[in-house]
Amino acid sequence: MDVRHLRYFVAVVDWGGVSAAGRRLRITQPALSRQIRDLETELGVRLFDRIGRRLRLTTGGQDLLRRCRSVLADVTSIEEHAREIQQGTTGLLSVGATPQTLESVVAGFLVRFHRRHPTVDVQLVEDGGLALIHRVERGDVHVALSVAHGDQLASRLLFPARLLAVARATRLPRSGPGVQIQELGGQPLLLLGRDFGSRQWFDAAARLAHMTVRIALESGTAQTLVALAGADHGVAIVPSTLRFADPGLRAVPILLNGQAGGGWLPANWDPRRTLPPYGRAFVDELAAAMAHGYPGRAFDRLAPRVPRPGGAAGPPPPRR
């Protein structure tokens, strides 16, 4: 069914006849009459009684008029929404992150982002770092906040994330800027699953240190590891993006040969697919927010800073 036919029908009713509607629509009276007859034929319903030179709505025409108005209102709404999408001011943005990053980074930032972009619907996806990269590559997620890497993906660095050892104080060194990874060799370790980027950092550092790892538990939830560490079941190895508040626990940076263990958390997206303007705004505004404060920043005063890829070290520069 041609939507124009519905508009013509409503216009004839609203303007009181074919002649007046034709002038408004800039269409000749014979052509408009033909369009109305075509609509009647298509619907199989007589819309008007033709009494002399005047048209009167039939009972069926009155009923269909209400439905046509509703359909045209929906069409107008769709057209307006499409224009907003084309302008990049509205739409759906799928953002993936690990549980700890959703809690410590995304949750607070989304409040400000929604305030600036109220017509953007942000859909959150929770998964491990490597799985998030695969989701971006498949097109399931637009932007992934993950320390894992994808060869085909573009990225923007957000902030440094450390490897932390979290445990009862008796299991960790009493002093110093952190704990050398070799000192954890005899401890039962509570580790994230192998699809998490921070776990990959730890495994790589352990290999370089020729360290034998004693795994007490692998979990997909960092909070579970911290809870077990709080019950003195071992040392939890977690990223500095994690928030926890157990006063009986101590968190120290993990070091390898005096260097900080960890890396930088980037926002990743697939340059082969279109990232809408509001997607780019999400990345830009998140980077600006993290330049002024990010999870684990307090450790920068206590231990060597995490090197920035490319050789430089330290937090991201403030956006001006």
Side-chain angles (χ1 to χ4, degrees), residues 93-110 122-166 181 189-208 213 215 217-226 236-244 251 253-254 256 260-271 273 275 279 282-283 286-287 289-290 294-297 299 306-309 316:
L93 180 66
S94 179
V95 176
T98 60
Q100 56 270 16
T101 301
L102 287 173
E103 178 186 9
S104 63
V105 176
V106 179
F109 171 73
L110 272 185
V122 179
Q123 180 184 45
L124 299 178
V125 176
E126 178 186 296
D127 215 332
L130 188 58
L132 289 170
I133 294 300
H134 293 159
R135 284 177 180 268
V136 174
E137 292 171 340
R138 292 196 306 266
D140 300 336
V141 169
H142 297 119
V143 177
L145 309 182
S146 168
V147 298
H149 297 289
D151 294 337
Q152 302 297 320
L153 301 186
S155 63
R156 178 168 181 177
L157 297 178
L158 299 176
F159 62 89
R162 296 176 178 274
L163 275 177
L164 300 179
V166 179
I181 193 170
L189 299 182
L190 306 165
L191 302 173
L192 285 168
R194 297 181 187 275
D195 60 337
F196 284 83
S198 58
R199 170 64 186 276
Q200 295 173 5
W201 287 341
F202 179 80
D203 288 347
R207 286 193 297 270
L208 288 174
V213 178
I215 300 177
L217 176 70
E218 291 180 313
S219 174
T221 306
Q223 290 287 5
T224 299
L225 304 180
V226 170
I237 308 300
V238 295
S240 56
T241 50
L242 179 68
R243 287 179 176 171
F244 60 93
I254 295 175
L256 175 62
W264 281 63
L265 180 76
N268 304 279
W269 66 93
D270 191 340
R273 295 183 172 88
L275 186 65
F282 182 92
V283 174
L286 180 58
M290 294 300 101
Y294 51 87
R297 190 171 188 172
F299 290 107
V306 177
R308 185 185 181 101

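Nothing here was measured: the structure is a model prediction, and the numbers come from that model.
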Show every donor-acceptor pair shorter than 3.5 Å between a side-chain atom in residues 123-132 and any protein atom, with sequence neighbours excluded, or say none if there are none.
unit_1, atom_1, unit_2, atom_2, d
Asp127, OD2, Arg135, NE, 3.0
Asp127, OD2, Arg135, NH2, 3.3

Quick one: does [X]'s side chain get under 4.5 Å of [Y]'s, heavy atoms only?
X	Y	result
Leu286	Val105	yes
Phe299	Leu164	yes
Leu158	Pro266	no

Nearest 0.5 angstrom please: [X] [atom1] to [Y] [atom2], how far?
X	Y	atom1	atom2	result
Leu189	Phe202	CG	CZ	5.0 Å
Leu225	Leu190	CG	CG	5.5 Å
His134	Asp195	NE2	CG	9.5 Å
Thr98	Glu103	OG1	CD	10.0 Å

Quiz item: Yes or no on side chain to side chain contact (heavy atoms under 4.5 Å, CB included) for Ile181 and Leu208, after CA distance, side-chain angles and deciding distance?
Solution: CA-CA 10 Å; Ile181 193 170; Leu208 288 174; over 6 Å; no
Practice problem: Using the side chain to side chain contact (heavy atoms under 4.5 Å, CB included) rule, take Gln100 and Leu192 through it: C-alpha gap first, then chi angles, then the decisive distance, then the call. | Solution: CA-CA 11 Å; Gln100 56 270 16; Leu192 285 168; 4.0 Å; yes
All N/O donor-acceptor pairs, side-chain side in residues 236-243, below 3.5 Å, sequence neighbours left out:
unit_1, atom_1, unit_2, atom_2, d
Ser240, OG, Arg162, N, 2.8
Arg243, NH2, Ser104, O, 3.4

Practice problem: Output all residues satisfying side-chain hydrogen bond (donor to acceptor under 3.5 Å, both in side chains) with Asp203, sequence neighbours left out; order by chain, then residue number. | Solution: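 Here the qualifying residues are Arg194, Arg199.
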Exercise. Only counting residues at least two apart or in another chain, list the ones meeting side-chain hydrogen bond (donor to acceptor under 3.5 Å, both in side chains) with Arg207.
Key: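 Arg207: no side-chain hydrogen bond (donor to acceptor under 3.5 Å, both in side chains) contacts found.
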Practice problem: State which residues pass side chain to side chain contact (heavy atoms under 4.5 Å, CB included) with Thr221; sequence neighbours excluded, sorted by chain then number. | Solution: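 Only Ser219, Gln223, Thr224 meet the side chain to side chain contact (heavy atoms under 4.5 Å, CB included) criterion with Thr221.
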Taking all heavy atoms of [X] and all of [Y], pick out the closest pair and write down the distance.
X	Y	result
Ala251	Val166	CB-CG2, 3.9 Å
Trp264	Trp201	N-CZ2, 4.1 Å
Ala97	Val106	CB-CG2, 4.4 Å

Practice problem: Could you name each residue pair satisfying salt bridge (Lys or Arg N to Asp or Glu O under 4.0 Å) that touches residues 140-153, not counting sequence neighbours? | Solution: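 Every pair satisfying salt bridge (Lys or Arg N to Asp or Glu O under 4.0 Å) with a residue in residues 140-153: Arg138-Asp140.
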Quiz item: Side chain of Arg273, backbone of Glu137: donor and acceptor closer than 3.5 Å?
Solution: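 Yes, because the side chain of Arg273 sits within donor-acceptor range (under 3.5 Å) of the backbone of Glu137.
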Quiz item: Taking only residues two or more places apart in sequence or in another chain, which ones pass ring pair (Phe, Tyr, Trp, His ring centres under 6.0 Å) with Phe282?
Solution: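 Phe282 satisfies ring pair (Phe, Tyr, Trp, His ring centres under 6.0 Å) with Phe109, Phe113 once adjacent residues are dropped.
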